[in-house]
Amino acid sequence: MSSEFTERDGHMHVEALALGDIAAEVGTPFYCYSSAALRSRYAALATALAALKVDIFYAVKANSNPAIIATLAAEGAGADIVSGGELRQALAAGVPAQKIVFAGVAKTEEELAFALEHGIGQFNVESFAELNSLNQVATKMQRVAPVGLRVNPDVDAGTHAKITTGRKENKFGIDIAAAPEFFKAAAAMDGISARSMSVHIGSQITNLVPFELAYRNLREMTLSLRQQGFSIDHLDLGGGLGIVYDAENEPDLSDYARIIKATVSDLDCRLSIEPGRFLTGNAGVLVTKVLLVKEGEGRDFVITDGAMNDLIRPTLYEAFHDIRPLTQRSGDARLIDVVGPICESGDYFAKSRLMQPAKAGDLLAVMGAGAYGAVMSSTYNSRPLIPEVLVDYARFHIIRPRMSYAEMLARDSLPDWLDKTKP
Ligand SMILES: *Cc1c(COP(=O)(O)O)cnc(C)c1O
């Protein structure tokens, strides 16, 4: 867990501030992020990889709030994006276009054109169909798109099925064996300059062996392509580094660096990685208030004002999130389900968790909520999106205000024939 969220005098703090004080000001539920935690995660990775000169592109989809992107960009990070929306967020955060990589299985022509217009650093292309459409769009605009091929190295990352991406049966990338064919096709296209390969085998990877296997495959293919006369001068080693939510072993960054050194560092290629979760996951918490406690069969239900629409990871990935009271309470631990008020059995933050009893009005922190939290939230059950707060030592800023009911209603439109407010 990040040391920026610590208990002092019986109250949980984030950097120099008591989380309860922030809650009193912004209301619950809300997401709270620590700038210091973001910076220290970035620094740990940058330091471990410094000798290998690996560029770090933050995978924006983990948490795309421009304030988060800007915090990491100020430390030196570029951005790895997967949509035109994320591209706009990265630009809004001040990331130079040259330091933006556009990944993702399929991109629309509008997205490609917008990215070309802004001169982004690279497009990671995942299919022949996409290569063709990028070439068409680029040729029409009289541009040359810098392209990296995302290969599927057929490596099992050993992680949850919904976040494994490097197996042959996954939709991602092109079978690595087809790389020569891809570079041959690309070489014949006026709108394409393809000199890079990328891999991304999955997420929340804590055993580093799959990285080693994937990077070895990448190395072999790089050598083979060069023998066939293709220039490869950049390798994008993907994201996926895992974090500690529960009892995982945090991947050892010096081991990770050693793997990169042993597999691809002698190829005279520019190297980059695209971590998302590793940088932001433990830099954020979700703060929620207990609405009521209901006694059930053999367990208590602690019902909170936060719900699965705010943080879907527990139900989507069966993910574990530590849950801590903001203020310590006494009492024997008991079996508790922490659930939201939504009409779904999947609406929970924790199931059968042995924890201290909570009372109505208590504030709880759902830990490790900085990645794939706010970005996956929705207004399901017509619950307005909750605010996000960024702390920087003793100051904080609401980086996304709570959506008001008026804003939520304003997104919809009644047709004339149903609108009783119109004559
Ligand atoms: C999601 C994704 C990442 C980031 O994954 P993390 O597990 O959050 O590090 C990196 N690259 C690509 C292509 C992705 O799709």
Side-chain angles (χ1 to χ4, degrees), residues 38 41-42 44-45 48-49 54-65 68-69 72 77-83 85-87 89-90 99-107 111 115 120-127 130 147-153 155 157-167 170-174 196-208 210-211 214-215 218 234-245 248 250-251 253 256 271-284 313 316-317 319 368-376:
L38 292 167
R41 295 296 278 181
Y42 184 87
L45 202 49
L49 301 177
V54 179
D55 293 325
I56 300 174
F57 290 77
Y58 167 52
V60 163
K61 76 173 189 280
N63 187 328
S64 61
N65 192 298
I68 302 294
I69 304 174
L72 292 166
D80 178 85
I81 55 136
V82 293
S83 71
E86 286 187 356
L87 175 50
Q89 286 170 312
K99 289 177 79 169
I100 297 177
V101 177
F102 200 160
V105 253
K107 307 159 187 84
E111 287 174 324
I120 66 160
Q122 181 162 310
F123 295 82
N124 282 348
V125 169
E126 304 205 16
S127 65
E130 186 178 24
V147 161
L149 166 64
R150 173 159 175 192
V151 296
N152 184 327
V155 166
T159 182
H160 191 278
K162 282 186 183 153
I163 50 175
T164 285
T165 57
R167 301 296 310 277
N170 299 131
K171 69 180 175 182
F172 301 97
I174 288 179
S196 167
M197 276 192 291
S198 75
V199 285
H200 174 70
I201 57 176
S203 196
Q204 184 52 14
I205 300 169
T206 51
N207 167 5
L208 297 176
F211 283 120
Y215 298 169
L218 205 53
H234 172 243
L235 295 176
D236 174 342
L237 304 174
L241 277 177
I243 63 171
V244 176
Y245 286 104
E248 299 89 345
E250 175 131 312
L253 295 182
Y256 185 56
L271 298 174
S272 55
I273 58 169
E274 316 157 343
R277 185 193 312 272
F278 181 86
L279 296 173
T280 62
N282 274 326
R313 295 194 68 258
L316 183 60
Y317 305 118
Y372 306 106
V375 286
M376 288 186 140

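Here the structure is a predicted model, which is why all the values come from computation and not from measurement. Read the numbers this way: they start at 1 and go in the same order the structure lists the ligands and their atoms. Counting from 1, the numbers follow the sequence of the chain as shown.
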Original post:
Would you say Glu274 has any N or O atom under 3.5 Å from an N or O of ligand 1, going by distance alone?
Top reply: yes
**OP:** Tell me, please, whether Phe102 has Lys107 positioned over its six-membered ring: NZ or CZ under 6.0 Å from the ring centre and within 45 degrees of its axis?
**Re:** yes
Original post:
Between Phe278 and ligand 1, which part of the residue brings a heavy atom under 4.0 Å of the ligand: side chain, backbone, both or neither?
Top reply: neither
Original post:
Is there any N or O on Gly240 that sits under 3.5 Å from an N or O of ligand 1?
Top reply: yes
Original post:
Quick one: nearest non-hydrogen protein atom to atom 4 (C) of ligand 1, plus distance?
Top reply: Ala59 CB, 3.3 Å
Original post:
Quick one: nearest non-hydrogen protein atom to atom 7 (O) of ligand 1, plus distance?
Top reply: Ser203 OG, 2.3 Å
Original post:
Between Met376 and Leu316, which heavy-atom pair has the shortest distance, and what is it?
Top reply: CE-CD2, 4.0 Å
**OP:** Applying side-chain contact (heavy atoms from CB on, under 4.5 Å) between Phe278 and each of Ile205, Leu241, Ile273, report the one that passes.
**Re:** Leu241
Original post:
Would you say ligand 1 has an N or O under 3.5 Å from any N or O of Leu241?
Top reply: no
Subject >> Spacing of NZ belonging to Lys99 relative to CD1 belonging to Ile120, to within rounding of 0.5 Å >> reply: 15.0 Å
Original post:
Under 4.0 angstrom from ligand 1, any heavy atom of Phe172?
Top reply: no
Original post:
Is the backbone of His234 close enough, under 3.5 Å, to the side chain of Ser196 for a donor and an acceptor to pair up by distance?
Top reply: yes
Subject >> Closest heavy-atom pair and its distance - Ala90, Ile100 >> reply: CB-CD1, 3.9 Å
Subject >> Ligand-residue contact atoms, ligand 1 with Arg150, heavy atoms, under 4.0 Å >> reply: 13 (C)
Original post:
For ligand 1, is Pro275 a contact, meaning one of its heavy atoms is under 4.0 Å away?
Top reply: yes
**OP:** Report the distance from atom OH of Tyr58 to atom CZ of Arg41, rounding to the nearest 0.5 Å.
**Re:** 12.5 Å
Original post:
Closest non-hydrogen protein atom to atom 15 (O) of ligand 1, residue and atom name please, with distance?
Top reply: Lys61 NZ, 2.8 Å
